[in-house]
Amino acid sequence: MPEFKTSPGTRDILSPQSGRWRAFQDVFARTVEAAGYSYIIPPMFEDLDVFLRLGETTEVVTKEMYDFHDKGGRHVALRPEQTAGVCRAYVEHQPVTPWKVWYAGPNFRYEKPQQGRYRQFDQVGVEALGADDPLLDAEVIALAAKFYVDLGLKKVHLSVNTLGDAGDREKYSQILLKYFSAHERDLTSDSRATLARNPLRVLDSKREPDQKIISGAPAIRESISASANQHFDDVLRALDALNISYELNNRLVRGLDYYRRTTFEFTSTALDAAHTAIGGGGRYDGLVEALGGKATPGIGFALGLDRTLLACDAENTFAAPKTAVQIFVVDTVDGRHAHELCHLLRQNGVSADRAYDLRSIKAQMKSADRSAASVALIIGSDEVENSTIMLRKMGSGEQYSIARKDVIGEVLQALNVK
RNA sequence: GUGGGCGUAGCUCAGUUGGUUAGAGCGCCAGGUUGUGGUCCUGGAGGUCGGGGGUUCGAGACCCCUCGUCCACCCCA
């Protein structure tokens with residue numbers, strides 16, 4: 001038993017999974033940069049207050065934050081998500097609008113870990129600030145949908161809803177409070193506690209006894225402003241125009257309290273556990289203002305790497321990329337030939353690896369096989385004596401002797417032929 | 001945070017009602033082949049049975065605590 005293990009909710013991502021993570025981020029970058037989003041790298045920790053602006057009833061903030069005092073006495077927190085940091089950056093740098101950015105990286109939440117739920121978890125996402133256009137809402141949603149397609153996912157389900165403007169949200173909260181209070185006796189005790197804190201979140205309950213009452217709850221669209229309704233209709237029409245299928249879900253609330261108007265969530269129907277939500281987002285008009293900036297509309301989404309990859313597993317798509325070096329050098333004389341040859345090959349743009357500690361030729365050949373190199377260069381005493389190299393094609397087993405001085409040309413030729 | 005299942009080699013797991021030096025497959029290393037991998041054969045290394053305490057003549061098996069993991073709730077990605 002090793003003395004040290006990773007902390008709960010954290011883990012080492014090793015190859016080949018690590019290569020898959022990188023490929024995931026590469027695909028994402030390609031997808032969103034093709035739509036004009038630029039890369040932003042916000043810090044992993046910020047002033048605690050930055051995150052507190054996400055909302056007092058947001059559990060992510062109130063219960064799950066990794067906050068601490070640094071040596072200078074500053075009260076800071078590891079970011080639980082990245083939208084707040086991006087909005088803070090927007091206020092700090094005042095970029096020209098619309099400001100469209102994307103990010104990738106780890107976030108931290110102190111939760112009880114489960115599969116698909118970690119204390120350090122990676123997300124990729126985009127934020128678009130400074131435009132109120134419903135077509136932008138649709139673009140952001142379309143981008144996420146396209147990314148899933150790019151990964152090869154088919155069983156992805158999109159739910160959309162609107163939460164109305166800030167005032168609407170509050171008004172609807174009151175309506176819900178009144179409604180649920182009237183049925184309080186039939187609600188689970190958990191839901192009663194939630195009701196006191198944040199009536200909207202009761203809609204999210206998965207507990208069986210609550211379902212009947214929830215299904216009878218008044219819908220939000222009946223209590224939101226005409227302009228918010230219009231905005232939402234425009235978003236839906238824009239999605240229709242792009243042939244993006246969605247389901248209207250008037251109970252889709254989402255956990256971050258900053259959402260206004262358009263909200264959406266992607267779930268994987270290939271997953272059956274509690275972690276089917278693989279991504280989501282929405283408008284957060286008001287967040288920039290809460291962070292001390294001028295009132296600025298914003299919209300974005302975030303996707304969880306782990307869960308999306310879990311969905312990929314379930315659909316048997318987006319496998320980890322195969323890694324292979326082109327050449328493996330086997331040296332049974334003293335290792336220096338392999339040392340120098342590898343260097344020479346690498347200088348010429350050919351990837352090369354070798355074995356160490358002068359192991360037997362059999363062991364070195366085994367390493368060559370494992371490296372997935374298509375060509376092995378073998379150097380023994382005969383080759384050294386004649387200034388030659390044995391070039392072996394690993395696939396066919398065909399091999400021939402080449403002059404050492406011609407090695408680069410011969411290798412390139414062998415690799416081209418494959 | 002609440003409730004429950006599970007923790008045996010690097011990995012996947014077996015271990016009869018508690019009974020000698022704890023097993024298999026895969027992987028790893030070496031040999032068979034004194035210059036050749038992917039197949040095959042043989043051998044080897046690798047385990048304080050998650051940790052601590054207890055019951056017992058005797059615990060991997062039973063009890064308690066603890067840690068980890070998984071599941072549900074919560075929350076969310």
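Order of the sequence lines sets the chain letters (A, B, ...), proteins ahead of strands, with each chain counted from 1.
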Pairs involving residues 107-124 of chain A, ordered by first then second residue, that meet salt bridge (charged side-chain N to carboxylate O under 4.0 Å, His left out) (sequence neighbours left out) | A/E111-A/R117
Is A/F180 close to A/I213 at the side-chain level, that is, under 4.5 Å between some pair of heavy atoms?
-> yes
When all nucleic acid strands are considered with a 4.0 Å heavy-atom cut-off, which category describes A/R109: base, sugar-phosphate, or nothing?
-> base
Describe the nucleic acid contact of A/R119 in one word from base, sugar-phosphate, nothing, applying a heavy-atom distance below 4.0 Å.
-> nothing
Using a cut-off of 4.0 Å on non-hydrogen atoms, how would the nucleic acid contact of A/R392 be classed: base, sugar-phosphate, or nothing?
-> base
Contacts under 3.5 angstrom, residues 311-324 of chain A side chains, donor-acceptor by atom type, not counting sequence neighbours:
unit_1, atom_1, unit_2, atom_2, d
A/D313, OD1, A/R20, NH1, 3.0
A/D313, OD1, A/R20, NH2, 2.8
A/E315, OE1, A/K154, N, 2.9
A/E315, OE1, A/K155, N, 3.4
A/E315, OE2, A/K154, N, 3.3
A/E315, OE2, A/K155, N, 2.7
A/T317, OG1, A/L151, O, 3.0

Contact class for A/E59 (heavy atom, under 4.0 Å): base, sugar-phosphate, or nothing?
-> sugar-phosphate
Could you name each residue pair satisfying ring pair (Phe, Tyr, Trp, His ring centres under 6.0 Å) that touches residues 329-352 of chain A, not counting sequence neighbours?
-> none
With sugar-phosphate meaning primed atoms plus P, OP1 and OP2, does A/G395 contact a base, only sugar-phosphate, or nothing at under 4.0 Å between heavy atoms?
-> base
B/G52 and B/C41, which share atom name C1', separated by this distance in whole Å = 46 Å
Look for any protein N or O under 3.5 Å of an N or O in nucleotides 32-35 of chain B and output each such pair with its distance, or none.
unit_1, atom_1, unit_2, atom_2, d
B/G32, N7, A/K362, NZ, 3.4
B/G32, O6, A/K362, NZ, 3.1
B/G35, O6, A/D382, N, 3.3
B/G35, O6, A/D382, OD1, 3.4
B/G35, O6, A/D382, OD2, 2.4
B/G35, O6, A/E383, OE1, 3.2
B/G35, N1, A/E383, OE1, 2.6
B/G35, N1, A/E383, OE2, 2.8
B/G35, N2, A/E383, OE2, 3.3

Can you run through RNA chain B from 5' to 3' and write each base as (, ), [, ], | or . depending on how it pairs? Watson-Crick or G-U wobble, both distances under 3.5 Å.
-> (((((((..((((.....[...)))).(((((.......))))).....(((((..]....))))))))))))....
Could you list, one pair per line, each protein nitrogen or oxygen that sits under 3.5 Å from a nitrogen or oxygen of nucleotides 3-7 of chain B, together with the distance?
none

How would you label the contact of A/Q115 with the nucleic acid (heavy atoms, under 4.0 Å): base, sugar-phosphate, or nothing?
-> sugar-phosphate
Do we see a donor-acceptor contact under 3.5 Å between the side chains of A/S371 and A/D353?
-> no
Could you check whether A/A368 gets within reach of a base, just the sugar-phosphate, or nothing at all, counting any heavy atom under 4.0 Å?
-> nothing
